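Right, one structure below, let's go through it.
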2 protein chains.
Amino acid sequence: MPRSSFSSSLSSPKVNFAIDMGHPLLNHTVDGFLKIGTVAASRVAVEETYHCIKKGSVSSNGLEKSLKKMCKEGAYWGAVAGVYVGMEYGTEKVRGTRDWKNAMLGGAATGALVSAACSSNGEKIVIDAIAGGAIATAAEFINYLT
Amino acid sequence: MPRSSFSSSLSSPKVNFAIDMGHPLLNHTVDGFLKIGTVAASRVAVEETYHCIKKGSVSSNGLEKSLKKMCKEGAYWGAVAGVYVGMEYGTEKVRGTRDWKNAMLGGAATGALVSAACSSNGEKIVIDAIAGGAIATAAEFINYLT
């Protein structure tokens with residue numbers, strides 16, 4: 001049975017979602033979608049706020065556009081993150097180990113999938129898969145460093 | 001005294017550098033530069049190999065171009081990663097805690113620095129700082145998920 005909880009505080013933003021979909025793979029994917037979608041939507045919100053401050057005025061038309069952009073970017077980043085988290089989880093289960101190669105394979109699969117979904121041609125998909133693998137590997141390494 | 005060691009094996013590529021520069025901040029920065037630079041150079045190598053296989057021929061001219069591209073991309077990614085790792089380390093020391101806000105602040109500082117170094121104008125620097133912070137936060141969250 002789907003169970004969901006949400007917690008946040010105003011003083012210090014804590015991102016803490018827990019939605020149980022009944023399967024770890026689904027949980028990971030939904031978690032990735034929500035968290036990264038939130039980050040992307042926040043980015044757009046901050047960026048649009050900066051534009052408003054710079055212009056010195058807030059129009060209802062501009063606000064509507066900003067909200068639409070938040071939803072669009074949040075959904076896009078969230079979808080990519082969800083695919084990646086699911087792919088990495090699957091790779092880990094298939095390979096049976098946890099290392100940077102999971103991130104590389106998961107990133108490559110995500111790059112290929114997202115590229116294919118955006119109706120790219122064959123060559124572009126391979127290039128995007130290589131780039132996805134490299135970016136995921138880099139993010140994994142950065143994380144071990146810090 | 002600078003001390004360096006290098007270990008790798010052919011059967012399974014292990015990325016393991018250790019260069020002691022005498023200060024943790026410098027060590028982190030150099031480590032980030034080398035690791036992420038290696039990832040970026042590998043990405044170019046794989047991409048160029050794919051192009052060669054597709055074309056079915058290897059020319060010495062193309063090989064030289066590929067090597068130059070590997071060095072350029074490796075240095076660029078490495079520099080960005082080095083700045084980010086240094087910034088996150090510095091933020092951690094100043095704030096005294098380890099959480100995702102370090103990644104956000106480090107990413108924002110890196111975005112602003114890299115954007116300023118590429119001689120962008122004021123507005124572009126703010127936008128790049130916001131994007132940098134968002135990407136770093138997303139990478140940090142992804143890492144907790146997987």
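Protein chains get the first letters and strands the later ones, always in sequence-line order, with residue 1 at the start of each. Model, not experiment: these values are computed from the prediction.
Atoms CH2 and CD1, on B:W77 and A:I135 in that order, are 5.0 Å from each other to the nearest 0.5 Å.
By the criterion of side-chain heavy atoms lying less than 4.5 angstrom apart, applied directly or through intervening Ile, Leu, Val, Met, Phe, Trp or Tyr residues, B:L113 is not grouped with B:Y84; the two fall into different hydrophobic clusters. The hydrophobic cluster containing A:V83 does not contain B:I142, counting ILVMFWY residues as joined when their side-chain heavy atoms lie under 4.5 angstrom apart, directly or transitively. Under the 4.5 Å side-chain heavy-atom criterion for Ile, Leu, Val, Met, Phe, Trp and Tyr, A:V85 and A:V114 are members of the same hydrophobic cluster. Linking Ile, Leu, Val, Met, Phe, Trp and Tyr residues whenever their side-chain heavy atoms come within less than 4.5 Å leaves A:M87 and A:Y76 in two separate clusters.
Heavy atoms closer than 4.5 Å to chain A are found nowhere in B:A136, neither backbone nor side chain. Interface remark: A:A103 contributes no atoms to any contact with chain B (heavy atom separation under 4.5 Å). A:I36 touches chain B through its side chain: at least one heavy atom from C-beta onward sits under 4.5 Å away, while N, CA, C and O do not.
Options A:D99, A:N102, A:I127 differ in how many heavy-atom pairs under 4.5 Å they form with chain B, and the most are formed by A:I127.
The shortest heavy-atom contact between A:V39 and B:A134 is CG1-O, 3.3 Å.
Close approach to chain A, defined as a heavy atom under 4.5 Å from one of its heavy atoms, is seen in B:R43, B:V46, B:E47, B:Y50, B:H51, B:K54 of residues 41-54 of chain B, taken by number.
Every residue two or more places apart in sequence or in another chain was checked for a salt bridge (Lys or Arg N to Asp or Glu O under 4.0 Å) with B:K72, and none qualifies.
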